[in-house]
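Okay, structure first, notes after.
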Amino acid sequence: MLGKYLVYNSPAGRMSARIVEIEAYIGQDDPACHAARGKTDRNAPMFGPGGFSYVYFIYGMYNCLNFVTEKRKHPAALLLRAAEPKEGIDLMRLNSPRIRATNELLNGPGKLCRSFGLTTVHTALDLTGNQLYLEDRNEPSVSFGYSPRIGIRVGADLPWRFFDSDSKALSRPVEAGKTK
DNA sequence: GTAGTGATTTTCT
DNA sequence: GAAAATCACTACA
């Protein structure tokens, strides 16, 4: 998924961004995964088939966007943490007026959803539709790195965060010795 | 430039 | 009633 393009045809216009940072949340054995304690109203999309969105509300102000990856009854998702704005940058600025640098419009899971205008009404969308989807533009493979996941209190020892180590739009600096 | 802390509300126990 | 897959502001160097 790293290096692919996220496209969102919003009511206000088309926006797209190159994905540069993701985290994996896999199954009921992963203590940090929302699905670890069973199915609830919130995490229900993860228990459905792959290829759907999962948006959840967190910390009273922010939303985070995930892509469901596995088949039915096998909860797993990728959290989109950061991306480089490509199209619709003006629209993103309207949603995040306090952010000045273009590279900072999408460099965090909360900011990514805010700049795109995504909320929980966008959860469980079919990613093969024409509203929210991925595009593979066949760009050269990226130099990627990995690190422990960020912002969680359990399962933080698993190195399931992956990022494009050449990007200037990461949510955290590249740590020494972590690139491949 | 980095480090520390308040904001704010849904969701689950 | 407490915690949460976060962000932005403030203080200080």
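A, B, ... follow the sequence lines: proteins, then strands. Residue 1 opens every chain.
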* Picking from C:dA8, C:dA4, C:dT6, which would you name as closest to the side chain of A:R153? ->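 Taking heavy atoms from C-beta onward, the closest nucleotide is C:dA4.
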
Side-chain heavy atoms of [X] within contact of [Y], under 4.5 Å:
{"X": "A:I150", "Y": "A:E23", "answer": "yes"}
{"X": "A:C64", "Y": "A:V55", "answer": "no"}
{"X": "A:M92", "Y": "A:F116", "answer": "yes"}
{"X": "A:R14", "Y": "A:E87", "answer": "yes"}

* Asked: Which part of the nucleic acid, if any, lies within contact of A:G60, taking any heavy atom under 4.0 Å across all strands shown: a base, the sugar-phosphate backbone alone, or nothing?
  ->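 The answer is base, as A:G60 lies within the cut-off (heavy atoms under 4.0 Å) of a base atom.
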
* To do: Report which part of the nucleic acid A:F57 touches: base, sugar-phosphate, or nothing (heavy-atom distance under 4.0 Å, all strands).
  =>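 Sugar-phosphate, no base atom in range.
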
* Non-neighbouring partners of A:E70 that pass salt bridge (charged side-chain N to carboxylate O under 4.0 Å, His left out), sequence neighbours left out ->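 Once residues adjacent in sequence are excluded, A:E70 has no partner under the salt bridge (charged side-chain N to carboxylate O under 4.0 Å, His left out) criterion.
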
Separation of [N] [atom2] from [X] [atom1] (nearest whole Å):
{"X": "A:L112", "N": "C:dT6", "atom1": "CG", "atom2": "P", "result": "13 Å"}
{"X": "A:Y62", "N": "B:dT8", "atom1": "OH", "atom2": "P", "result": "10 Å"}
{"X": "A:K111", "N": "B:dA7", "atom1": "NZ", "atom2": "C1'", "result": "16 Å"}
{"X": "A:R172", "N": "C:dT6", "atom1": "CZ", "atom2": "P", "result": "8 Å"}
{"X": "A:D157", "N": "C:dA5", "atom1": "CG", "atom2": "C1'", "result": "15 Å"}
{"X": "A:N63", "N": "B:dT9", "atom1": "CG", "atom2": "P", "result": "13 Å"}
{"X": "A:I152", "N": "C:dA3", "atom1": "CD1", "atom2": "C1'", "result": "15 Å"}
{"X": "A:Y59", "N": "B:dG6", "atom1": "OH", "atom2": "P", "result": "15 Å"}

* Would you kindly compare A:M61 and A:T120 by the position of their nearest DNA chain B nucleotide and give the one closer to the 5′ end? =>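 Mapping each residue to its closest nucleotide by heavy atoms, the 5'-most match is A:M61.
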
* Under a 4.0 Å heavy-atom cut-off, which of residues 34-54 of chain A touch DNA chain B? ->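 Contacts with DNA chain B under 4.0 Å: A:T40, A:D41, A:R42.
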
Measure from the ring center of [X] to the ring center of [Y] and say whether it is less than 6.0 Å.
{"X": "A:Y54", "Y": "A:F52", "value": "no"}
{"X": "A:H74", "Y": "A:F47", "value": "no"}
{"X": "A:Y25", "Y": "A:H34", "value": "no"}

* To do: Not counting sequence neighbours, list each pair that qualifies as a salt bridge (charged side-chain N to carboxylate O under 4.0 Å, His left out) and has a residue in residues 28-45 of chain A.
  =>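 For residues 28-45 of chain A: A:D30-A:R149.
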
* Asked: Honestly, is A:R18 close enough over A:Y5, meaning NZ or CZ under 6.0 Å from the six-membered ring centre and within 45° of the axis?
  ->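 Verdict for A:Y5: no cation-pi partner in A:R18.
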
* Criterion side-chain hydrogen bond (donor to acceptor under 3.5 Å, both in side chains) on A:S115 and A:S96, from CA distance to verdict -> CA-CA 6 Å; A:S115 295; A:S96 298; 2.8 Å; yes

* Pull out every residue in residues 94-102 of chain A that has a heavy atom closer than 4.0 Å to any atom of DNA chain C, ordered by number, or say none. =>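 The answer is A:R98, A:I99.
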
* Hey, can you pull the residues of residues 70-82 of chain A with a non-hydrogen atom under 4.0 angstrom from DNA chain C? ->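 Only A:L79, A:R81 qualify.
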
* Asked: Taking N and O atoms by type only, does the side chain of A:Y56 place a donor or acceptor under 3.5 Å from a partner on the base of C:dA5?
  ->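 Side chain to base: pair present.
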
* A:F163 CZ to A:L2 CG distance, which is reported to the nearest 0.5 Å ->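 Between atom CZ of A:F163 and atom CG of A:L2 there are 9.5 Å.
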
* Nearest-0.5 Å distance, OH of residue A:Y146 to CZ of residue A:F162 ->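 It is 9.5 Å, given to the nearest 0.5 Å.
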
* Asked: Any luck finding a side-chain donor-acceptor pair between A:E21 and A:S167 under 3.5 Å?
  ->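 Judged by distance alone, the side chains do not pair up.
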
* Asked: Going by ring centres under 5.5 Å and near-parallel planes (under 30°), is A:Y25 stacked on C:dA5?
  ->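 Stacked: ring centres under 5.5 Å, planes under 30°.
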
* Rounded to whole angstrom, note down the P distance from B:dG4 over to C:dA5. =>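 So the two P atoms sit 22 Å from each other.
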
* Asked: Given the rule that I, L, V, M, F, W and Y join up when any side-chain heavy atoms are under 4.5 Å apart, are A:L6 and A:L78 in one cluster?
  ->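 As far as the 4.5 Å side-chain criterion goes, A:L78 and A:L6 are connected within one cluster.
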
* Would you sketch DNA chain B in dot-bracket for me? Only Watson-Crick or G-U wobble pairs with both distances under 3.5 Å count, crossing pairs as [ ], other-strand pairs as |, the rest as dots. => |||||||.||||.

